[in-house]
Amino acid sequence: MADSAPATAEKLPKDLAAEKGLVNVQVDGTWVQVPAGTRMIEVCKIAEKEVPHYCYHTKLSSPGNCRMCLVQMGMPNRPPPGESPHYEDDGYQQISWMPRPVIACANTVTENMGIRTTGELVEECRNGVMEFLLINHPLDCPICDQAGECSLQEFSVEHGRGSSRFEEMKVKKPKNVEIGPRIRLDDERCIMCSRCIRFMDEVADDPVLGFIDRGTHTTLTVHPGRRLDNNYSLNTADICPVGALTSNDFRFQMRVWFLKETKSIDVNCGTGCNTVIWTRGNEVFRITPRENNEVNSSWMPDSHRLNFHYLHAETRLGDPFVKIGSKHEISDWPGAIAKTAEELSRFKGEEIAVIGSGRMTNEELYLLRRLADTLETDLLSLVPRVGESDGKLISADRNPNTSGAKLIWASRNPYAKLESIRQGVVTGKIKALIVFYEDLLGDAQFKADDLANLDFLVSNHILTNKTAKASDVVLPGAGFAEKRGSLVNITGRLQRLNQAISPPPGAMDDWEILRDLVKALSPDEPSRYLLEEVFGEIADEVEEFEDLTLSKISDLGIPIVETGESIPLLESEKARITAGEIVG
Amino acid sequence: MATVKVKRPKLHWYEHLYLPAILKGLIITLKHAMESLRGKAQGGKSLATSGLGVTMQYPEQKWDDQLPDYYRGVPALVTDEQKRERCVSCQLCEFICPPKAITITPGEIQSEDPWAKVEKAPQKFDIDMIRCIYCGMCEEVCPEQAIFLRQDYAMTGTTRGEMVNDKKRLYEIGGIREGLVNKWNELK
Ligand code: SF4
Ligand code: SF4
Ligand code: SF4
Ligand code: FES
């Protein structure tokens with residue numbers, strides 16, 4: 001049919017799309033509808049077509065300098081003057097393909113546009129770009145920490161040549177440079193994508209990186225007199241597509257292909273950055289941020305991601321201890337629990353106080369309250385940990401689960417009673433103290449002499465500390481990578497902590513310790529066998545948790561309560577998305 | 001599938017008798033027995049026989065100098081003519097090893113070392129010879145020509161621990177190997 005008939009009878013695809021505020025784009029022969037102005041690379045992602053790229057990052061501006069994302073673009077035929085556009089039988093205009101490629105990362109789409117991510121032109125472009133990237137690249141893969149997660153390795157398998165045609169000498173550049181306390185730079189491996197420069201400039205607000213010299217001699221370097229010592233510097237190692245920037249902490253520790261990834265969350269502050277814990281056997285090797293646009297975008301502070309080495313410290317508590325005379329003797333678990341229960345039942349309710357930690361999970365906090373209820377005491381408090389917000393991701397509240405404690409204890413301020421407990425211990429009114437997951441002489445600010453006033457002290461922690469030394473019973477627990485549970489962050493988002501490794505033999509998961517203790521004190525308590533059962537009890541009792549289960553909390557968490565708090569870094573990122581600077 | 005018809009060979013009447021064939025075999029055996037008694041056994045020389053028969057009196061006698069270069073004995077680490085330890089602890093052999101016999105703890109080369117530019121070398125390198133199946137995968141995968149299956153084959157030990165070759169032992173067995181590609185030369 002020569003005349004475009006469907007125009008009157010049915011609506012054209014362009015009108016159908018326009019009604020929804022979208023445009024039609026053809027990707028490798030398939031039509032998709034996307035919002036006008038979407039970048040071509042994002043459209044290809046929607047159409048599930050891979051476009052290899054290096055410099056493009058959704059959270060950063062797009063300078064378009066690596067040229068790896070070249071695709072072929074086509075536009076609808078322009079009608080001769082005076083004629084109206086011609087529509088084919090399928091309702092689309094014919095596409096004329098441009099003879100030269102365009103970069104997909106910085107160009108946006110319009111109605112009836114075509115994109116080809118395959119074909120001779122595109123293949124040749126990619127092969128060419130790849131060959132140029134590799135001419136000066138060192139043969140470092142065997143000693144390069146990026147090997148196994150290196151985009152250059154990956155794309156050179158698909159688009160690289162088997163051998164080099166470059167006969168000249170490779171350009172020499174600085175190698176193994178300590179540009180900051182946590183970051184090592186190898187300039188020969190750098191492919192000049194400028195992601196790190198843009199990150200430090202746009203996200204970390206600390207523009208210390210830049211290029212010097214030109215052409216093949218372009219070299220990434222740190223500003224004279226400055227160091228890359230920002231608390232967000234390790235994110236540059238994450239986004240560096242190659243092994244030019246690597247982490248000193250992880251350097252030469254383990255090959256990434258041996259590591260198991262466990263999705264979890266950070267427990268160093270109220271933000272609860274989403275993380276991946278990388279482990280081999282029973283050892284944590286590194287922690288990296290995981291994208292969650294409602295919590296931490298794609299980033300994470302260095303201080304938090306490196307705070308895991310204590311899990312493997314020499315001072316880790318292995319077995320439960322019971323003080324006999326003035327000496328701690330190793331005990332078995334039933335013995336330690338029975339001893340604790342027996343001792344505690346000697347006291348009246350008002351003589352007992354319970355101190356927990358804002359680092360405990362919802363399930364543990366729930367059982368801790370059950371414990372306090374069983375002992376008929378209302379002296380139950382957490383230990384506050386307050387710092388300064390860094391205006392990005394680190395929140396002022398350094399406890400990861402204050403919001404959870406508020407909900408589960410139905411209390412406006414779960415820290416309120418700490419002072420009166422401290423006073424009670426000093427005056428001798430409180431005779432027995434139960435401490436979970438805290439060092440009393442640390443953040444709780446007790447004095448060593450005060451503890452001597454106590455008749456009975458039972459403490460749980462993962463490391464030996466002064467509180468443990470003073471305790472009559474020590475119950476070793478599990479670290480954040482060794483247990484499951486849920487926490488609520490400052491914005492009221494329920495998130496899941498997942499178990500990556502197992503606690504040391506002899507130590508026990510904290511919720512199980514609490515469960516056994518509660519059961520020993522009050523045999524009428526229900527038997528709980530699974531963490532899910534504890535969560536179920538919370539769901540029955542606390543309105544915000546209604547209808548939820550541990551498995552219903554997705555990897556990205558779910559908002560359960562409105563706290564009015566926000567995360568500064570997300571706010572500035574939202575502003576940049578609105579301004580069209582980044583895709584987000 | 002194509003079928004091929006094979007014709008049975010037609011046997012002579014005395015072949016049907018069976019006994020002549022037995023006799024023929026016995027004569028061949030007897031001939032060899034005589035030869036070996038006279039110290040002239042076939043292949044005796046190359047097997048370094050004790051003179052009587054072709055039996056090698058292992059372990060007093062060994063065939064070691066006859067082992068071909070490509071013999072797949074105990075895997076070991078080698079140094080090159082520049083006395084450089086070639087392994088950079090890339091852990092590819094640990095990954096490829098089918099029975100998981102190799103365990104490596106990677107480490108960093110100190111900056112005062114003349115080969116500091118190589119950056120990486122194994123801190124510990126253990127091959128458990130109870131597990132090793134002598135497949136040669138480690139040698140094949142190594143990007144640095146650092147690990148080779150050598151001529152040693154008689155690994156014995158009285159404990160499991162003794163059967164684990166540590167880094168020191170591996171370099172002793174491996175020795176110096178010349179003529180390998182030197183990618184970490186002065187041009188690098
Ligand atoms: S950056 Fe990638 S390609 Fe380059 S040496 Fe490292 S792993 Fe190999
Ligand atoms: S160091 Fe990495 S992130 Fe920075 S420009 Fe080079 S390749 Fe890109
Ligand atoms: S022997 Fe070769 S493959 Fe094995 S770790 Fe060393 S360099 Fe890598
Ligand atoms: S990703 Fe498009 S130019 Fe680098």
Side-chain angles (χ1 to χ4, degrees), chain A residues 134-150 153 156-157 162-164 166-178 182-189 243-260 278 280-283 285-286 312, chain B residues 77-80 84-126 128 137-148 167 180-188:
Chain A
L134 289 176
I135 51 174
N136 281 312
H137 201 81
L139 290 168
D140 272 357
C141 299
I143 59 159
C144 178
D145 263 345
Q146 190 81 2
E149 51 180 9
C150 172
Q153 277 186 330
S156 72
V157 172
S163 58
S164 175
F166 191 67
E167 287 170 2
E168 291 74 12
M169 295 293 294
K170 292 189 178 195
V171 174
K172 300 279 169 305
K173 288 186 191 170
K175 286 179 86 69
N176 200 357
V177 194
E178 289 234 38
R182 293 174 291 278
I183 289 276
R184 197 80 61 113
L185 166 69
D186 189 307
D187 263 312
E188 286 185 353
R189 296 181 197 151
L245 296 170
T246 49
S247 152
N248 278 342
D249 185 69
F250 183 60
R251 182 175 164 84
F252 300 163
Q253 294 305 301
M254 191 45 67
R255 291 310 220 168
V256 288
W257 53 76
F258 288 118
L259 300 180
K260 184 184 90 180
W278 302 75
R280 184 181 187 195
N282 216 29
E283 192 176 345
F285 280 90
R286 67 170 178 185
H312 308 301
Chain B
L77 296 172
V78 300
T79 35
D80 56 22
R84 183 175 78 78
E85 105 173 86
R86 293 189 64 91
C87 173
V88 297
S89 59
C90 72
Q91 296 182 288
L92 280 178
C93 51
E94 176 172 357
F95 185 65
I96 201 87
C97 179
K100 293 193 200 304
I102 305 180
T103 317
I104 300 169
T105 311
E108 188 163 3
I109 301 181
Q110 296 309 312
S111 53
E112 55 271 14
D113 191 287
W115 289 103
K117 67 176 167 190
V118 185
E119 293 183 30
K120 209 177 166 190
Q123 247 181 65
K124 282 194 212 142
F125 200 120
D126 292 332
D128 187 344
M137 290 280 211
C138 48
E139 175 174 333
E140 200 164 316
V141 81
C142 180
E144 299 282 336
Q145 294 182 302
I147 192 165
F148 289 91
K167 189 175 145 178
L180 301 174
V181 175
N182 273 323
K183 73 176 232 202
W184 296 103
N185 56 13
E186 53 293 334
L187 288 180
K188 173 74 193 179

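All chains are named by letter (A, B, ...) in the order of the sequence lines, taking the proteins before the strands, and each is independently numbered beginning at 1.
- Nearest heavy atom pair, residue P142(A) against residue K183(B), reads CG-NZ, 3.8 Å.
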Report task. Evaluate the criterion salt bridge (Lys or Arg N to Asp or Glu O under 4.0 Å) for residue pair R184(A) and E119(B); output intermediate values, then yes/no. Result -> CA-CA 12 Å; R184(A) 197 80 61 113; E119(B) 293 183 30; over 6 Å; no
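- Residues L92(B) and W257(A) form a side-chain contact, since some pair of their non-hydrogen atoms from C-beta on lies under 4.5 Å apart.
- With a 4.5 Å cut-off on non-hydrogen atoms, M254(A) touches chain B through its backbone and its side chain both.
- Between the side chain of R255(A) and the backbone N or O of C90(B) there is at least one donor-acceptor pair closer than 3.5 Å.
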Report task. Tell me, with the steps shown, if E94(B) and R280(A) meet salt bridge (Lys or Arg N to Asp or Glu O under 4.0 Å). Result -> CA-CA 14 Å; E94(B) 176 172 357; R280(A) 184 181 187 195; 2.8 Å; yes
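- At a 4.5 Å heavy-atom cutoff, the contact between E144(B) and chain A is made by side-chain atoms alone.
- The 12-atom threshold is not exceeded at CD of E140(B), counting heavy atoms of other residues, nucleotides or ligands nearer than 6.0 Å.
- V118(B) and I143(A) make their closest contact through O-CD1, 3.4 Å (heavy atoms, listed as atom of the first residue, atom of the second, distance).
- Within the model, atoms CG of D140(A) and NZ of K120(B) stand 11.0 Å from one another, a figure rounded to the nearest 0.5 Å.
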